[in-house]
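Just so it is clear, the values below take in all heavy atoms, side chains as well, and ignore hydrogens, waters and symmetry mates. Whatever order the structure lists them in is the order used to number ligands and atoms, beginning at 1. All values reported here derive from a predicted model rather than from experimental measurement.
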Amino acid sequence: MGTIVIKFGGKSLANGTGLNNVLRIIKNKQAVHENLVVVVSARGNTTDQLEGLLETAKQKKGYTTALNNLKKEQLTPCHSPELEQDFTALEDILKGVSYLGDYSPKIKDEVLAQGELFAAKQVAKLLVKEGIKANFVDSRKLIITDSSFGDALTLEKESQEKVLDYFNNQEANTVNVVTGFIAANTAGETTTLGRNGSNYTASLLANYLNASEFQNYTHVDGIFTANPDLVADAQKIEQLSFNEANELANFGASILHAKTILPLVEKGIPLRILNTFNTNDNGTIITKNNTQKGIKSISVLDDVSLVTFEGRGLLGKVGIDARIFNALSNNNISVSIISQGSSERGIGLVIKTNRATDAILALEKEFETDFYKRDVNKISVLDDVVVISIIGQELNDFHKPFNALIKNQITPLLFNNTITGKNVSIIVKKNQLNKAVNVIHGQIFGVAKKINIVIFGKGLVGGTLINQILSNTKAILKRRQIQLNIVAVASSKKVLLNKNGVSENWKIELEQNGIENYTTETIIEFAEKHHLENLIAVDNTASAEFIQEYIPLIKAGFDLVSSNKIANTSSNEFYIQLREVLKENNKQYLYETNVGAGLPLIDTIKLLHHSGEDIVKIKGVFSGSLSYLFNTFSTEDRPFSEVLQEAIDKGFTEPDPREDLCGNDVARKLLILARELDLVNELSDVNIKNLIPEPLRAIDTNTFLQSLDELNAPYQELKSQQKSGNVLRYIGELSGDLSKSNGAKLDVKLVFVPNNSALGSLKGSDSIFEIYTKSYGENPLVIQGAGAGAAVTARGVFGDILRLIEKS
Ligand code: ASP
Ligand code: MG
């Protein structure tokens with residue numbers, strides 16, 4: 001095989017695993033490749049340390065400790081007199097700088113160059129120690145540049161000559177360990193190729209030597225769809241083209257800097273990005289071939305500020321952009337993104353934060369007279385912003401990720417797609433970065449959409465729901481690409497928080513690790529802190545107070561699902577306010593289980609009503625417990641108390657059955673249905689037949705449960721009035737003129753109905769709802785089935801959660 005060039009970055013060369021792996025990798029390759037060219041960066045963050053030493057010396061501060069630490073690091077694992085000498089020379093320079101209180105770019109290059117020199121010497125020595133033929137190669141003898149210290153320009157012809165000259169005279173099977181980053185001008189003075197320049201050195205060598213491949217060893221597996229530190233679901237990109245790589249380079253992937261890629265493109269040399277710490281991975285390969293699908297990747301530009309230029313009088317006039325750019329470029333300030341928003345917002349420019357103040361000054365100076373003329377009204381700067389770029393994203397497909405951002409309460413400050421065709425960039429506040437990147441990534445790559453659920457109430461319905469969700473998580477992930485995550489379970493006393501989702505042991509965990517004295521704010525803060533997206537709050541309490549938390553939750557970005565009926569049956573004012581807040585915040589509220597448990601009732605009524613069908617009456621047995629009670633009592637010859645006791649024992653009633661018998665629950669359901677039809681009513685408008693005899697209403701629960709016999713006489717008396725072929729039913733009825741918002745008649749009553757009618761033939765604890773409409777006349781739409789019980793209610797709540805996800 002021909003020549004291959006491999007380059008190791010600073011992290012790979014640090015003492016320990018990195019350096020050990022580097023040696024192993026070189027050894028393995030040397031066995032199969034005739035000519036191995038190894039390019040090294042400075043080890044660890046030596047370059048930064050050297051820069052720091054220079055600054056300290058310049059400020060005449062003590063640098064000895066830092067220098068000694070660096071020396072210790074660099075002389076490990078191999079100690080040599082030569083390296084000792086290099087340090088003495090370095091110390092001499094620092095002394096000089098300290099004496100003068102200043103240093104030139106030339107001196108800086110001389111100092112920074114030491115990092116690569118130490119590294120290459122160390123690696124070559126270690127290889128020789130292991131019995132491998134290896135040379136230390138000082139690239140200052142190979143790469144010749146102009147004299148722009150700090151960012152020197154390569155003189156191609158001279159460099160190529162020197163490189164060929166050197167390598168042509170090398171024996172085969174020798175590993176040449178070359179310093180990256182550093183070069184020399186024609187006078188032989190040290191220059192550098194700019195930060196991260198080792199990549200460039202390696203690609204120049206690859207070009208000159210016609211290498212078959214350039215392998216760049218880093219500390220990551222390759223190029224990802226997004227930074228894996230930010231997005232857990234980020235995927236590695238196996239292959240991309242130079243064109244695509246170039247796009248990525250513009251947005252911060254320094255490995256792929258255009259300067260690095262060009263020499264490779266010229267000769268069609270593939271670039272492979274590999275991981276020193278995970279040598280089993282094939283990495284990402286970049287070749288001249290275009291991939292068919294086109295790649296997409298999300299990258300982030302940090303440490304930037306947004307400068308906003310507002311000039312109503314100037315915008316639209318010719319030459320303004322040019323003046324802005326001139327003013328900035330005269331001050332060496334580069335603009336990474338520009339966006340011309342609406343005329344109100346003016347022009348937005350993204351620049352490095354450390355240049356923000358200079359930029360403002362430059363612009364203020366340039367537009368001084370325009371300020372006086374009030375053509376320019378404001379130049380302002382916003383720090384702590386980040387640019388998120390989606391590379392390979394066509395603008396016309398961007399609405400989905402964009403909507404997802406808005407849904408998650410992230411409003412981009414600026415939006416841009418003008419740099420090069422297939423990129424979209426947005427600017428968001430830094431504290432929204434994590435959430436924003438995850439939302440976008442989830443949308444673009446169709447990887448599982450994460451839904452973060454907070455469950456209030458862990459009683460019968462709440463507990464059942466949690467277990468239902470947990471046992472279906474896997475199946476839903478597989479079938480629907482939705483990752484359900486219960487991030488909080490709250491009882492009235494404690495809350496269990498877990499950003500990765502609670503486990504089957506949630507009950508014990510809540511007991512042991514639950515936070516006491518929590519408020520809703522505790523949960524909201526938790527969600528914010530962990531950047532949780534797609535939030536759903538589920539209310540499975542029966543609490544009247546808890547509904548006060550709905551509005552703060554909505555404002556904090558939660559959609560709501562509730563089995564609690566209180567919110568929909570408290571004052572009409574609250575009912576309307578809640579819906580307004582939902583609308584303002586673009587949030588949903590689903591409560592199918594409020595009436596008829598899991599039966600699709602609310603949805604059906606909504607659908608009929610919104611499609612313009614006139615509903616003229618709704619009538620039915622709304623309560624499962626009372627359905628059982630009268631279905632049984634009407635047809636069996638048993639005392640009322642016995643049937644009631646049976647219903648209690650079977651768990652069909654509330655612990656205190658008077659909560660069912662008083663009729664309020666049925667009244668609430670009736671009111672909820674009425675309000676779905678835009679009728680304006682309060683709970684007090686419902687005429688309720690209370691099934692509890694007066695004397696039994698105020699006593700405590702236990703006394704009541706002891707006194708069930710007292711119900712027998714009145715109900716036996718009622719039953720004696722029952723004609724043959726009739727049965728008793730406790731029903732809710734919505735009638736009157738439903739076309740008028742105040743025309744409804746709401747009744748909850750105990751009635752006789754023929755046993756062969758729909759209501760009369762009801763069995764067990766089923767519920768039935770008859771919906772009468774104008775076009776169907778006397779034939780109502782009937783919805784009937786199990787309308788109560790924790791399991792069906794929990795199922796219904798679960799259904800709401802899934803529907804909500806579908807809608808968003
Ligand atoms: N050591 C230099 C730097 O840190 C060059 C490189 O790592 O590529 O910028
Ligand atoms: Mg329902």
(request) Mind jotting down which residue pairs meet the ring pair (Phe, Tyr, Trp, His ring centres under 6.0 Å) criterion with at least one end in residues 104-156? Sequence neighbours excluded, please. (result) F87-F118

(request) State whether D358 and R355 are salt-bridged, where the test is any N-O pair (Lys NZ or Arg NE/NH1/NH2 against Asp/Glu carboxylate O) under 4.0 Å. (result) yes

(message) Listing request: all side chain to side chain donor-acceptor pair (under 3.5 Å) pairs with a residue in residues 62-71, at least two apart in sequence or in separate chains.
(response) K71-E84

(request) Find out whether the Lys NZ or Arg CZ of K236 is both under 6.0 angstrom from the six-membered ring centre of F224 and within 45° of the ring's axis. (result) no

(message) I'd like to know if R195 and D48 make a salt bridge, using a cut-off of under 4.0 Å between side-chain N and carboxylate O.
(response) yes

(request) Using a strict cut-off of under 4.0 Å between a residue heavy atom and any atom of ligand 1, list the qualifying protein residues by chain and number. (result) S41, A42, T47, E116, F181, R195, N196, G197, S198

(request) Mind checking salt bridge (charged side-chain N to carboxylate O under 4.0 Å, His left out) for K11 and listing every partner two or more places apart, or none if nothing turns up? (result) none

